[in-house]
Structure formats: C-alpha cells, structure tokens
Amino acid sequence: MAPAPPLFVLIICIHVITTPTLTSLVTSSIDETIRELADATAGTFSTDAEATALAATDFGTNVSVDAARPAAVFYPSCPADIAALLRASSSSASPFPVSARGRGHSTGGQAMAPGGVVIDMPSLGRCAAVRINVSVDGRYVDAGGEQLWVDVLHAALAHGLTPRSWTDYLHLTVGGTLSNAGISGQAFRHGPQISNVLELDVITGTGEMVTCSKEKHGDLFDAVLGGLGQFGIITRARIPVVPAPARARWVRLLYTDAAALTGDQERLIAEQGPLAGIMDYVEGSVLTGHDPPPPPPSTSFFSDAGGDHAAANVAKLAMEAGGVLYCLEGAVYYGGAGDTSATDGLEVLLRELRYTRGLAFVQDVSYVEFLDRVHAGELKLRAAGLWHVPHPWLNLFVPRSRILDFAAGVFHGVLLRHHHHGGPVLIYPMNRRVWDGATSAVFPDDDVEEEVFYTVGLLRSAVAAGDLAAVEAQNAEVERFCEDAGITCARYLPEPYEETAEWAARHFGPGRWERFARRKRKYDPKAILARGQRIFSYPLVALGPI
C-alpha cells in the first residue's frame, strides 16, 4: 500500500484563481465545493477562459470548446486532494462531473467534464519530488498515474530493466493508457499494458482511496483497467519489469497481398513453428492510393535504407498492385554489438517470409530509439504546424476469420475511393490468450475458438478545410461495410455514442454491459467520472439488469 500523505499536506489552504466570469462559468455546486475545500486541501482551482478552454480539448479536437468547457480546472498537490474533490461532488445534492486529464491525448471526450471540473493530473508530478520509483529486487516500477511512459522507460533503464508491454507512442500517461488497454507490437506476446500491472492506487467516484490488485479488491482492479476512466482515477501503478535489451534490429518488408502479410504475421506470433519467438515486435501497415503516401512520419525508413531508387521501386510496385501495398514491421531485440543472435534470427526471417523480394529494409538502432521512434515524427509535425489538427481516428478489433474480407472491402474499396492520406493505417494481429477477460476492456471474444484477432487503426489527420467531415464520413462508411458484411468488430478508443443504449448494444454487448453497469453503480453511483463520453448520466437509470 502506498504511504499516506503527511498531515500537513491536507491542511494547507486552497488558492482560487478568480476572473470576472467566475459567476457565469462555475455552477453554485462547484462554487460551494471550492469554498468547502479551502480548509482541506493544498490544490488550486482556475476558472479563467484559457485554462478551461485547454481542458475542453483533446487530441481528437473534433468537439467544440464551448460544448465541452468545464466550469473549473483543479490542480491537485497530492492524491488526497483528488479524493476530497470527488467526495465533495458525490455528497452534493447536484453532483458535478469530474474527469482526469493527463496530456490531452484522448480522442473521444474521455478527459472532458462539460460544466464540471477537470483534474490536471500532471500537477501531482510537479508537487511531489519523486513519482517514479524502481525496485530492482522486486522487479517492478511504481509510477504515478500522471507520469509519461517515456520517463518510466528511462527510470527503469537506469537499472538495466524495462517494462514488457508498450504503446507505439511513449509520451502518454500511465493512467491514461491503463484506462484504455495500451497496445502495440509487443502485445501479441505479453498482452496489452493492462495485462502487465501488479497493483494500483485508485480513487473511486465516491472519493475512496483504494490500493488494489488481483488478490486485494480484485473487482475494482479489473474494473479500472480498460475502464475508460469510468470507475476510478489511477494515481499509482506498479508495473513489472524485466532485464532490458540494448538494441533492436528493425525491419520493414513490403507485400502486395493481404493474405501473404497476415499469414506471415500469424506465423510470427504463433507459439510453435520455425518463426515462433524470433520477433519481439510485430506490426503492419497499409499504404493506399495510386500515388502511395510516404512512410509514417516517424522515419524516412525506405529512403534511408535504399535511397531514391528504393522509394521509386516502392512507388512502382504500388502502381502494379492496384494502389495498395502492405508493410510488415518488426523488431528483434538483442544485447549489444557483440550479440549476433539478432542477425541469425533475421536471416531465418528473410528466408521464410513471403514478402516481395528486393524490398526488405533493415536498420539497427538502440532499444530506446526504437521504442521512442514516433516522437521524432511528432517533432516534425509540430514544426510544420500539423500536430494540433483534428484526428478523427477509427480503431477496430477485427476477427481473424474476417480480416481478408475486411481488407478487400476497406483497404481495396473504401480507402481507395476516398484519398485522405493524412495518417498511417495499421494492421496487426493479437493473441487472445494474453488478454484478461476480467478487465473492462472490450475485445472480440464471442468465438473462444478463434485465438487471433486483428487491430486495424485508421489514424487519420484532418489537415485541410473539409477534411474532418470527409474522414468522419469515411469512418462511417467503413463501419457500415462491416455491418452489411456481417463482420463483428469491437471499437478500441471508442468515440462517444449519443445514448447509453447505443453504448450497451453497439460497444459492450449484453454480457459485458451488465458487468460494466454493475461496476458503475458500485464504484461511481453518482455518475461523476468521465461523463464527457456520454456512457452514463446522472441519475443512473436504464442500465438494464445488473
């Protein structure tokens, strides 16, 4: 259990940053809460327009600021401040919404609290000296929920250790990814990040501070992991760590055929066979359009590997393939310059896999460079003014038995008919056995005999005028195709449905919804948390049997 905060932290006065618009922005309930907490916490509130506008935006930026604007932003000094805020809302005659905001990378309103209070989670890290602690003997790292995964990585590497499961982008908060799932090319072996947690400190919607694990308060532990922020706010996570490799042999292989790509990917993630266990990271992407887009912005991989000639070959192959190419991306981790195991494994891969010969691109980079590769692309996009644009993403989990039908209808159909190339399209397999069905995460599990399912991510950016509406229409067309074709998909990082009934029927399904609703009544009965997603409203009604 995490140590209790020192008593003096709980009695320092709160500072309220006031503005002339205080009366119009803050409801009487929130105004009363600010006054009541003045003698109980060391946090601060802000109600000024700049702070509330920032808290009303996220990475999707496809929700209007006015619609999502909170009445106030809360800057806690410690977890006890957050608990006091939630207790105040829960005990109020008019409970107001509260959401935790890390770095604003949600795309579906998860971190928004329209008319309520948004908690600025990074304030916890600014007020405490150390919020990441590595236990070498225990082989774990304790990290505050507001901490970035890239900082967790560097703290663990200082001791020669590393977590096993990652997201592709490391500049996300620990609490943020654990509230969703946390997936990337390592998940086929180790499971998503929510399958790699030993213990959590959680503050429930009633303001109760609970340390939980599989063995202690297990239902809350499972509820919060993948729970979309609906059951509690993660203030600390204990993550297992293992000895860290030093380098990564990074490979990209081009394919003209979806069946060849997915077949090879499945051989790579299998437990048995000549390719099993060789790759530590397996993903894939789709390049669409008769003039194929450049590689993902994180690298100039193709041009670096083979110069203009390689890029020309890629373009020519895309034309011959009818406008669609597939790329298998993988990595083999190894110890260092004297370790030849990566080279040996790579030779087997290049001999066995069914990619287009002559179009294999290999780089050798440090382990950190590989894991943090997307950050380089972020810096380029920021410099070009293309980072803070709308991101109408669509992420789907697709059953293995229908992935080729999906590829034919979407990659060779919908995407070719609409040329919106502002972002990568990912496709890669997962093993169901490493996903924990007790958590709140939604993934395909209707057919337990189908071990593999696929992640498909249409990670588009809307840069030009009119792009947002066009890409959203394209996403809707993709979902209509799946529905008409009978392809049962599960959304990952879901955009808000308009009504609770839609969430119940279209996202969760009956079995999962009953459990999700039961947990909501138990841990957040006033529907305070993450109300911006529109899953629940206050009072909790029409939840169905629980």
Side-chain angles (χ1 to χ4, degrees), residues 52-70 95-102 104-119 172 175-177 179-181 205 223-224 226-233 390-397 440-443 457-462 468-469 471-480 482-483 489-509 512-513 516-517 519-520 524 526-544:
T52 56
L54 178 63
T57 61
D58 61 16
F59 196 60
T61 65
N62 49 4
V63 176
S64 73
V65 170
D66 288 340
R69 189 186 294 271
F96 51 83
V98 176
S99 289
R101 186 180 194 272
H105 282 284
S106 170
T107 63
Q110 186 172 325
M112 295 178 182
V117 177
V118 168
I119 301 170
L172 302 170
T177 66
S179 295
N180 290 280
V224 169
L228 303 176
Q230 290 292 326
F231 310 109
I233 294 174
H391 296 89
W393 288 0
L394 177 63
N395 292 275
L396 300 171
F397 292 145
S440 293
V442 173
F443 60 98
L458 308 181
L459 309 183
R460 303 314 186 96
S461 299
L468 177 58
V471 177
E472 288 179 335
Q474 184 185 83
N475 290 344
E477 186 177 351
V478 169
E479 293 198 276
R480 283 196 304 273
C482 292
E483 185 175 350
C489 301
R491 279 194 190 184
Y492 178 60
L493 304 177
E495 291 295 304
Y497 292 105
E498 291 298 323
E499 298 178 354
T500 297
E502 284 190 281
W503 278 100
R506 298 184 61 187
H507 182 67
F508 291 98
R512 281 201 179 95
W513 174 250
F516 203 79
R519 287 170 167 173
K520 187 67 172 179
D524 185 24
K526 299 294 184 67
I528 290 168
L529 295 169
R531 207 182 290 175
Q533 292 170 304
R534 302 194 295 271
I535 302 177
F536 299 101
S537 58
Y538 178 77
L540 289 175
V541 294
L543 295 187

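Position 1 is the first residue of the sequence, and the numbers go up from there.
- Under the 3.5 Å distance criterion, the side-chain polar atoms of N395 are left unmatched by any main-chain donor or acceptor of L493.
- Counting all heavy atoms, side chain and backbone alike, P114 lies closest to A67 at CB-O, 3.6 Å.
- Here the side chains of V118 and M112 are not in contact, with every heavy-atom distance at 4.5 Å or above.
- S440 meets the side chain to side chain contact (heavy atoms under 4.5 Å, CB included) test with A223, F231, F516, R519; sequence neighbours excluded.
- V224 has its side chain out of reach of I233: every pair of non-hydrogen atoms, C-beta onward, lies at least 4.5 Å apart.
- Remark: H391 NE2 to H105 NE2 distance equals 9.5 Å, nearest 0.5 Å.
- Residues passing the salt bridge (charged side-chain N to carboxylate O under 4.0 Å, His left out) test with E479, sequence neighbours excluded: R491.
- For P95 against I528, the heavy-atom pair with the smallest separation is CB-CG1, 4.2 Å.
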message: Apply side chain to side chain contact (heavy atoms under 4.5 Å, CB included) to residues R531 and F96 and explain how you reach the verdict.
response: CA-CA 9 Å; R531 207 182 290 175; F96 51 83; over 6 Å; no
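- Summarising the geometry, atom CG belonging to L529 is positioned 11.0 Å from atom CZ belonging to F536; distances are rounded to the nearest 0.5 Å.
- Listed by chain and residue number, W503 satisfy the ring pair (Phe, Tyr, Trp, His ring centres under 6.0 Å) test with H507 (two or more places apart in sequence, or in another chain).
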- request: I would like to know whether W513 and T500 meet side chain to side chain contact (heavy atoms under 4.5 Å, CB included); could you show each step before the answer?
  value: CA-CA 10 Å; W513 174 250; T500 297; 3.6 Å; yes
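- For the pair P70 and V117, the minimum side-chain heavy-atom distance is 4.5 Å or more.
- Annotation: E502, atom CD; neighbour count of heavy atoms from other residues, nucleotides and ligands within 6.0 Å is above 12.
- In this structure, CG in L540 is found 7.0 Å from NZ in K520, a value given to the nearest 0.5 Å.
- Between W393 and F59, the two ring planes are perpendicular [angle over 60°; tilted spans 30° to 60°].
- Listed by chain and number, the residues in a side chain to side chain contact (heavy atoms under 4.5 Å, CB included) with A462 are P390, P392, D467, L468 (sequence neighbours excluded).
- Residues passing the salt bridge (charged side-chain N to carboxylate O under 4.0 Å, His left out) test with E499: none are found, sequence neighbours excluded.
- Minimum heavy-atom separation, A111 to S106: N-OG, 4.2 Å.
- The one candidate from L396, V442, N180 that meets the side-chain contact (heavy atoms from CB on, under 4.5 Å) condition with Y492 is N180.
- Legend: residues meeting side chain to side chain contact (heavy atoms under 4.5 Å, CB included) with S99, ordered by chain and number and at least two apart, are A113, A530.
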- prompt: side chain to side chain contact (heavy atoms under 4.5 Å, CB included) between Q110 and D58: does it pass, once the steps are laid out?
  reply: CA-CA 9 Å; Q110 186 172 325; D58 61 16; over 6 Å; no
Working for side chain to side chain contact (heavy atoms under 4.5 Å, CB included), residues T57 and R101: CA-CA 10 Å; T57 61; R101 186 180 194 272; 3.9 Å; yes
